[in-house]
Amino acid sequence: MRTFELTRATSVEAALDALTAGAQAIAGGTELLNWLKEGIEAPARLVDINRLPLDRIEFADDHVRLGALCRMSDVAAHPELAREFPVLVQSLLRAASPQLRNMATLGGNLMQRTRCPYFRADTGLPCNKRVPGSGCSARHGDTTSAAILGWSDDCVATHPSDLAVALAALDAVVVVRGPDGERRIPATSFHRLPGDEPARHNELRADELITAIEVPRGGTRFSHYLKVRERVSYEFAVVSAAAVVEWDGQTITRARVALGGVAHGPYRMELVGVPLDRLAEAVRLTRARPLPGNEYKVTLAERAAVRAIKEAMS
């Protein structure tokens, strides 16, 4: 691990100054420390942002504002959030281990990088996310966990965040701040598809900081997060589905569904006026492009979407 300088910011402005000067932010450290150990990152300077006043949960009439430094465990244990946003709390409780949730922040969770085994490899395998232009080892390698939507020949990795999937279904907004002021990025577009710039994981600029997540209130109590994984204990999703549902009798008047484990970020669908007996047809992934070895994900993701919708209605 490369030697680095550590400073502590006591204000958002000081943190932004450090980022503008080339530092990287560290809060819970549950992800960045892995990058350092694996050689994915080697920053000369880190700025500790834990002292910033970004750890509040605030309820307004039309939205709830979650500070970026809220610990995952604190949000998951909040009784009012559990009543109003089941899908949000469920996504947090199914993520990581209790110990990690006690340290990890909401903003840090969104900043996770792919769990592609080639990206995380101990040896220097070709990976365009680590070394742009070096190639994609997964493209013609082990594609079992790779994307089935939105991938390119330069990268076929998926994003691991459970929280991001729930936020996409909830129409949440990621609030970021930089030298030019505040920006608001829809959760559905915060994570980038690879295109020809696979090294760019998300829309956050190097001199910007996530300050909050805002989630609209209303119509979210009937929601559910379903995570399909290889083991019940701490594990990343093979596929996941978040659903926020409104229905009338035997017809789904509106359902916001987001899928995880299938692309570089949450894959969002919206259903309107769908009879329950045609639900499986409505969630068909007609745009899926499975790779050899991950064809199973298409059917699994479709079934997860149906199950999440039905669980939200129960």
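The structure presented is a predicted model; accordingly, all values stated were derived computationally and were not measured.
- Without hydrogens or angle criteria, N128 side chain to S134 main chain gives a donor-acceptor distance under 3.5 Å.
- Heavy-atom contacts from other residues, nucleotides or ligands closer than 6.0 Å to CZ of R289 number more than 12.
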| Going through the checks in order, is the salt bridge (charged side-chain N to carboxylate O under 4.0 Å, His left out) test met by E214 and R184? | CA-CA 9 Å; E214 292 186 356; R184 299 169 62 82; 2.8 Å; yes
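- You'll find the side chain of V228 stays beyond 4.5 Å of the side chain of R307, heavy atoms only.
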| Stepwise salt bridge (charged side-chain N to carboxylate O under 4.0 Å, His left out) check, K129 with D154 | CA-CA 9 Å; K129 281 191 176 296; D154 291 325; over 6 Å; no
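- For the pair E58 and V64, the minimum side-chain heavy-atom distance is 4.5 Å or more.
- A salt bridge between E197 and R192 is present, with a side-chain N of the basic residue lying under 4.0 Å from a carboxylate O of the acidic one.
- Rounding to the nearest 0.5 angstrom, the gap separating the CD atom in E208 from the CG atom in D180 is 8.0 Å.
- Residue S223 comes nearest to P86 through the heavy atom pair OG-CD, 3.3 Å, listed as atom of the first residue, atom of the second, then distance.
- Here the shortest heavy-atom pairing between A146 and T158 reads C-CG2, 3.7 Å.
- Annotation for R101 and A95: closest pair NH1-O, 2.9 Å, computed over non-hydrogen atoms.
- For the pair F222/V244, no side-chain contact is recorded, criterion being any heavy-atom separation below 4.5 Å from C-beta on.
- Remark: the N109 side chain and the S161 side chain contain an N/O donor-acceptor pair separated by less than 3.5 Å.
- Between R278 and E281 there is a salt bridge, since a side-chain N of the basic residue sits under 4.0 Å from a carboxylate O of the acidic one.
- Between A166 and A242 the shortest heavy-atom distance is CA-CB, 3.8 Å.
- Between the CG atom of L204 and the CD1 atom of I185 there is a distance of 6.5 Å, given to the nearest 0.5 Å.
- Between Q24 and L32 there is a side-chain heavy-atom pair separated by less than 4.5 Å.
- To the nearest 0.5 angstrom, F190 atom CZ is 8.5 Å from I213 atom CD1.
- Using a 4.5 Å heavy-atom cutoff, the side chains of L54 and I49 are not in contact.
- At a threshold of 4.5 Å between side-chain heavy atoms, the hydrophobic network of Ile, Leu, Val, Met, Phe, Trp and Tyr places L125 and I40 in two separate groups.
- Two residues are said to be in side-chain contact when any heavy atoms from C-beta on lie closer than 4.5 Å; V87 and H224 fail this criterion.
- At a threshold of 4.5 Å between non-hydrogen side-chain atoms, the residues V274 and T251 do not count as touching.
- Atom CZ in R113 sits 5.5 Å away from atom CZ in F119 (nearest 0.5 Å).
- Here D162 pairs with K227 in a salt bridge; the nearest charged N to carboxylate O distance falls below 4.0 Å.
- Remark: E295 does not engage K297 in a salt bridge, criterion side-chain N to carboxylate O under 4.0 Å.
- In terms of heavy-atom proximity, V75 sits nearest to V89 at O-CG2, 4.1 Å.
- Remark: the backbone N or O of Y225 is paired with a side-chain donor or acceptor of Q90 at under 3.5 angstrom.
- Residue E5 places its CD atom among more than 12 non-hydrogen atoms of other residues, nucleotides or ligands, all under 6.0 Å distant.
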| task | Using the side chain to side chain contact (heavy atoms under 4.5 Å, CB included) rule, take Y118 and R139 through it: C-alpha gap first, then chi angles, then the decisive distance, then the call. | result | CA-CA 10 Å; Y118 298 98; R139 176 64 181 87; over 6 Å; no
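- In the displayed structure, R45 atom CZ is contacted under 6.0 Å by more than 12 heavy atoms of other residues, nucleotides or ligands.
- Annotation: D122, atom CG; neighbour count of heavy atoms from other residues, nucleotides and ligands within 6.0 Å does not exceed 12.
- A single hydrophobic cluster is seen to contain both L19 and L69, as judged by linkage of ILVMFWY side chains at heavy-atom distances under 4.5 Å, directly or through other members.
- With hydrogens and angles ignored, the 3.5 Å screen pairs a side-chain donor or acceptor of Y296 with a backbone N or O of T144.
- For the pair N34 (side chain) and T30 (backbone), a donor-acceptor distance under 3.5 Å is present.
- With respect to E13 and R177, a salt bridge is recorded, a charged nitrogen being found less than 4.0 Å from a carboxylate O.
- Under the 4.0 Å criterion applied to side-chain N and carboxylate O atoms, D248 and R254 are not assigned as salt-bridge partners.
- Residue R8 qualifies as open at atom CZ: its count of foreign heavy atoms under 6.0 Å is 12 or below.
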| query | Could you go step by step and tell me if N102 and S73 meet the side chain to side chain donor-acceptor pair (under 3.5 Å) rule? | reply | CA-CA 5 Å; N102 285 338; S73 56; 3.0 Å; yes
| request: Could you go through the side chain to side chain contact (heavy atoms under 4.5 Å, CB included) check for R65 and T211 one step at a time? | output: CA-CA 10 Å; R65 183 180 175 94; T211 57; 4.1 Å; yes
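- Separating the CG atom in L193 from the OG atom in S152 is a distance of 9.0 Å, to the nearest 0.5 Å.
- Environment of CZ in R115: crowded, with over 12 heavy atoms of neighbouring residues, nucleotides or ligands closer than 6.0 Å.
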| request: Would you check, one step at a time, whether the test side chain to side chain contact (heavy atoms under 4.5 Å, CB included) holds for V176 with E182? | output: CA-CA 6 Å; V176 307; E182 186 175 280; over 6 Å; no
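- Between G260 and V165 the shortest heavy-atom distance is CA-CG2, 3.6 Å.
- Residue pairs meeting the ring-ring contact (aromatic ring centres under 6.0 Å, His included) criterion with at least one partner in residues 147-185, sequence neighbours excluded, are H159-H191.
- L66 and V173 end up in different hydrophobic clusters when Ile, Leu, Val, Met, Phe, Trp and Tyr side chains are linked at under 4.5 Å.
- A side chain to side chain contact (heavy atoms under 4.5 Å, CB included) with V306 is found for exactly one of V257, L276, L226, V283, namely V283.
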| message | Would R217 and D61 count as a salt bridge (charged side-chain N to carboxylate O under 4.0 Å, His left out) here? Give the steps. | response | CA-CA 8 Å; R217 302 182 71 178; D61 290 341; 5.8 Å; no
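- Using a cutoff of 4.0 Å between basic side-chain nitrogens and carboxylate oxygens, K37 and E31 are not scored as salt-bridged.
- Linking ILVMFWY residues whenever their side-chain heavy atoms come closer than 4.5 Å, directly or via other members, leaves M103 and L33 in distinct clusters.
- Residues that satisfy the side-chain contact (heavy atoms from CB on, under 4.5 Å) test with H78, not counting sequence neighbours, are I57, F59, E80, L81.
- The environment of R229 atom CZ is dense: over 12 non-hydrogen atoms of other residues, nucleotides or ligands sit within 6.0 angstrom.
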| task | Would you please test L110 and V174 for side chain to side chain contact (heavy atoms under 4.5 Å, CB included) and show each step? | result | CA-CA 9 Å; L110 295 183; V174 181; 3.9 Å; yes
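- With hydrophobic clusters built from ILVMFWY side chains whose heavy atoms lie under 4.5 angstrom apart, F236 does not share a cluster with L300.
- Residues L88 and L163 meet the side-chain proximity criterion, which asks for heavy atoms closer than 4.5 Å.
- Going from atom CG of N50 over to atom CD1 of I26 covers 8.0 Å, rounded to the nearest 0.5 Å.
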